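First up is the structure itself, then whatever we jot down about it.
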There are 2 protein chains.
Amino acid sequence: MKDFHGTKVTLEEVAQAAGVSRATASRVLTSDPRVSPDARRAVERAASKLGYVPNQAGRALATGRSDAVALVVFEPTTLLFGDPFFPRLIRGLGDVLTSRDMQLILLAPQTASDADRVERYVAAGHVDGALLVSLPSAHPLPARLASRGIPVVIGGRPTEADRFNHVDVDNVAGSARAVAHLVAGGRRTIATVTGRKDVPAGQDRLRGYQEGLKAAGLPADDALIEAGDFTRDGGARAMRFLLVKRPQLDAVFVASDLMAVGVLEALHQAGRRVPEDVAVVGYDDDPMAIGLQPPLSSVRQPIEEMGREMARLLLDAVHSPDRPPRKVLLTTRLEVRFSSAPVASKPTGEAV
Amino acid sequence: MKDFHGTKVTLEEVAQAAGVSRATASRVLTSDPRVSPDARRAVERAASKLGYVPNQAGRALATGRSDAVALVVFEPTTLLFGDPFFPRLIRGLGDVLTSRDMQLILLAPQTASDADRVERYVAAGHVDGALLVSLPSAHPLPARLASRGIPVVIGGRPTEADRFNHVDVDNVAGSARAVAHLVAGGRRTIATVTGRKDVPAGQDRLRGYQEGLKAAGLPADDALIEAGDFTRDGGARAMRFLLVKRPQLDAVFVASDLMAVGVLEALHQAGRRVPEDVAVVGYDDDPMAIGLQPPLSSVRQPIEEMGREMARLLLDAVHSPDRPPRKVLLTTRLEVRFSSAPVASKPTGEAV
DNA sequence: AGACGTCGTGAGAGCGCTCTCGGTGAGAGC
DNA sequence: GCTCTCACCGAGAGCGCTCTCACGACGTCT
């Protein structure tokens with residue numbers, strides 16, 4: 001069964017060993033049904049005896065496909081590896097890709113020249129299509145790839161939403177839901193620490209917050225909005241500003257759990273109790289949320305599902321290139337924990 | 001300059017547009033010096049005008065090389081993405097790979113069948129060689145790949161150390177150094193929380209601890225050794241056991257920073273002050289070490305350098321396949337912080 | 001002036017595979 | 001007994017590239 005050679009085995013040799021032509025051997029290996037059981041068995045035995053593995057380059061050249069897709073992540077590697085988002089996304093992608101025997105290739109361009117490399121890499125036919133995530137807004141790459149006829153799927157909301165396949169999480173609805181929950185818990189002065197305003201997720205979560213307030217009939221107040229940057233320290237800083245500007249606030253919606261850690265610290269330092277004085281809801285449902293003091297309520301995104309959906313969209317696009325771009329919107333779920341427990345004094349049932 | 005077509009451009013078309021033969025065009029693109037300036041210019045202009053990108057499959061088939069290497073990580077994706085080791089390793093690898101215009105392909109086999117996939121992937125010529133890290137001991141993959149004539153470099157200490165190229169960090173020396181530092185700080189009853197005994201790093205760090213004690217003339221005491229598992233909770237548990245078995249201990253050498261977090265928690269809960277009552281030194285110099293209470297002394301490994309060295313070894317092996325396996329041992333550095341400050345009462349200068 | 005590089009070039013083979021096309025033999029249908 | 005499927009198979013083209021080889025055009029040396 002095992003091979004003990006150092007030299008490459010070709011299909012020709014397998015065919016010879018099996019006593020058939022190269023064409024028949026190829027048919028067996030591509031599981032073409034038009035082969036007799038005898039021939040099939042002979043080829044399979046010869047292949048396994050010789051330790052044959054089809055040469056990827058030859059196959060790719062003949063078929064025009066590579067059976068691989070690229071996941072292009074526009075994020076510094078340090079962040080990439082710290083962020084629990086990616087293992088979940090990759091698991092989702094893997095679910096559908098491995099079932100179709102396709103490889104996932106991770107590319108993390110760090111610089112502008114890296115991005116050019118990625119374009120060349122993809123255009124060179126290394127992969128059959130590209131999945132793009134955390135794409136800076138108005139980045140030229142998707143249009144470039146599309147102009148080369150390469151299937152593309154974007155994770156998140158792209159700038160020109162209609163031109164490309166994309167799957168997004170409904171950040172607006174998720175955030176509005178979080179605010180509604182705070183309102184239902186008897187909170188009335190609800191602040192927010194936003195994400196970066198230059199990324200769609202940041203924008204959408206802010207919009208959701210505003211819509212949530214409006215839906216509850218609460219007044220908009222710009223002093224209740226403070227910009228964060230998706231970092232822990234940024235969250236702490238924003239929270240300190242909020243406490244100065246609006247000391248009477250009784251709840252905060254934070255656009256990411258990482259920032260929420262900073263928020264909790266700042267509240268603790270300021271002597272505010274959570275959730276008695278101030279309720280906090282985060283976003284992302286980071287695994288650490290459950291371990292925080294107090295355990296953090298958070299909006300959970302269906303990341304695995306997002307991965308699965310992205311992979312499906314891409315495979316469809318590879319298979320039928322002329323299909324118009326599609327958009328998939330996934331819904332979130334609010335994980336309620338102690339950090340947003342209702343105020344004890346005031347009755348809960350006022351709203352919702 | 002920009003292209004505006006959806007169809008693939010071939011070298012033939014570039015050659016035609018430039019008014020030269022395919023051979024000359026190819027020479028330009030492979031930067032063969034034997035081309036006249038005129039022809040070179042013409043080809044370059046035609047290529048950029050048509051947005052030409054060489055087809056990888058064609059090139060690979062003709063050259064037998066793919067200009068890519070695989071980084072095979074035997075680790076669950078969740079751990080992979082949580083571990084600060086990998087971004088540092090990848091940065092180091094990238095340093096030398098990108099300078100040679102080679103791609104890094106990340107493979108993270110999760111199951112036994114995934115490992116088979118990896119073997120096939122590599123054997124199919126997708127990559128010119130493989131870098132293997134956190135390889136379970138006695139895993140068959142390196143031998144399998146080697147028998148196929150595929151260059152391999154292992155990160156860490158492989159089971160059959162002499163058969164394969166590998167680069168390792170001197171865990172023994174690093175651990176011994178940490179113990180020496182504790183001794184120099186006036187500590188005399190030094191415990192250790194080990195890593196997993198089934199991985200080389202765990203074994204070596206324990207050995208370094210033992211050698212450090214012996215070098216200082218301190219007695220070996222098995223009750224001062226408690227097995228951890230490289231997790232935070234495992235560290236806390238091990239520390240609690242140690243406190244029961246040897247309440248008089250005045251220092252702990254912990255085989256990883258993550259476990260050290262648990263150790264610090266357990267010590268805090270037990271009412272021991274760090275470093276006044278118990279000094280602690282960790283391993284890995286995780287970025288969080290500096291943010292702990294108190295800031296954690298830790299053994300820093302030259303991970304980036306390890307990556308660079310691995311890449312160099314692999315490229316050498318790709319270039320000259322018959323070279324015998326080489327071994328590179330890298331040294332560590334001890335980052336001294338407050339968690340291992342010397343005891344105030346006893347004078348420091350007793351040893352070293 | 002002839003012999004001998006050197007330089008730039010094109011023709012063409014060949015890398016390992018898939019896939020179309022045409023052919024062969026066995027069985028079904030008349 | 002003849003044709004007509006139909007299942008199976010082999011020959012061979014061709015995917016896009018690199019690289020060897022041979023060749024013409026110069027320059028140089030004797």
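Everything quoted here is computed from the prediction, not taken from an experiment. All chains are named by letter (A, B, ...) in the order of the sequence lines, taking the proteins before the strands, and each is independently numbered beginning at 1.
Comparing Gly58(A) and Pro37(B), the nucleotide of DNA chain C nearest to each residue sits closer to the 5' end for Pro37(B). Two residues, Arg40(B) and Ala62(B), neighbour DNA chain C, and the one matched to the more 5' nucleotide by heavy-atom proximity is Arg40(B). Remark on DNA chain D: of its neighbouring residues Arg27(B) and Gln56(B), the 5'-side contact belongs to Gln56(B), judged by nearest-heavy-atom nucleotide. With the nearest nucleotide of DNA chain D identified for both Ala25(B) and Gly19(A), Gly19(A) has the one nearer the 5' end.
Remark: P of dG16(C) and CZ of Arg22(A) are 11 Å apart, rounded to the nearest angstrom. Between the P atom of dG16(C) and the CG atom of Asn55(B) lies a distance of 17 Å, rounded to the nearest Å. In this structure, Asp38(A) atom CG and dG25(C) atom P are separated by 18 Å, rounded to whole Å. The separation between Gln16(A) atom CD and dA11(D) atom P is 11 Å, rounded to whole Å. Atom CG in Leu61(A) sits roughly 7 Å away from atom P in dG16(D) (whole-Å rounding). Straight-line distance from the CG atom of Leu29(A) to the P atom of dC9(D): 14 Å, rounded to whole Å. The nearest whole Å value for the distance from the CG atom in Asp32(B) to the C1' atom in dC21(D) is 14 Å. Here the C1' atom of nucleotide dC6(D) and the CZ atom of Arg34(A) are 9 Å apart, to the nearest Å.
For Thr10(B), no side-chain nitrogen or oxygen approaches OP1 or OP2 of dG16(D) to under 4.0 Å. For the OP1/OP2 pair of dT18(D) and a distance below 4.0 Å, the side-chain nitrogens and oxygens of Arg59(B) include at least one atom meeting the criterion. Between Ser26(B) and the phosphate of dT18(D), there is a side-chain N or O to OP1/OP2 separation shorter than 4.0 Å. Between Thr24(B) and dG8(C) there is no side-chain N or O to OP1 or OP2 distance below 4.0 Å. An OP1 or OP2 oxygen of dT18(D) is reached within less than 4.0 angstrom by no side-chain nitrogen or oxygen of Thr63(B).
One N or O on the side chain of Ser21(A) and one on the backbone of Thr24(A) form a donor-acceptor pair closer than 3.5 Å. Between the side chain of Glu309(A) and the backbone N or O of Val328(A), no donor-acceptor pair lies under 3.5 Å.
In this structure, Ala39(A) reaches the sugar-phosphate backbone alone: every heavy-atom distance under 4.0 Å involves primed, P, OP1 or OP2 atoms, never a base.
Out of dA11(C), dT18(D), dT9(C), the shortest distance to the side chain of Ala23(B) is found at dA11(C).
Checking dG29(C) for Watson-Crick or G-U wobble geometry (two distances, each under 3.5 Å) identifies dC2(D) as its partner.
Annotation: the span from Thr98(B) atom OG1 to Gln110(A) atom CD amounts to 10.5 Å, rounded to 0.5 Å. Distance check: Phe86(B) CZ to Arg91(B) CZ gives 14.0 Å after rounding to the nearest 0.5 Å.
Here the closest non-hydrogen pair linking Asp32(B) and Arg34(B) is OD1-N, 2.9 Å.
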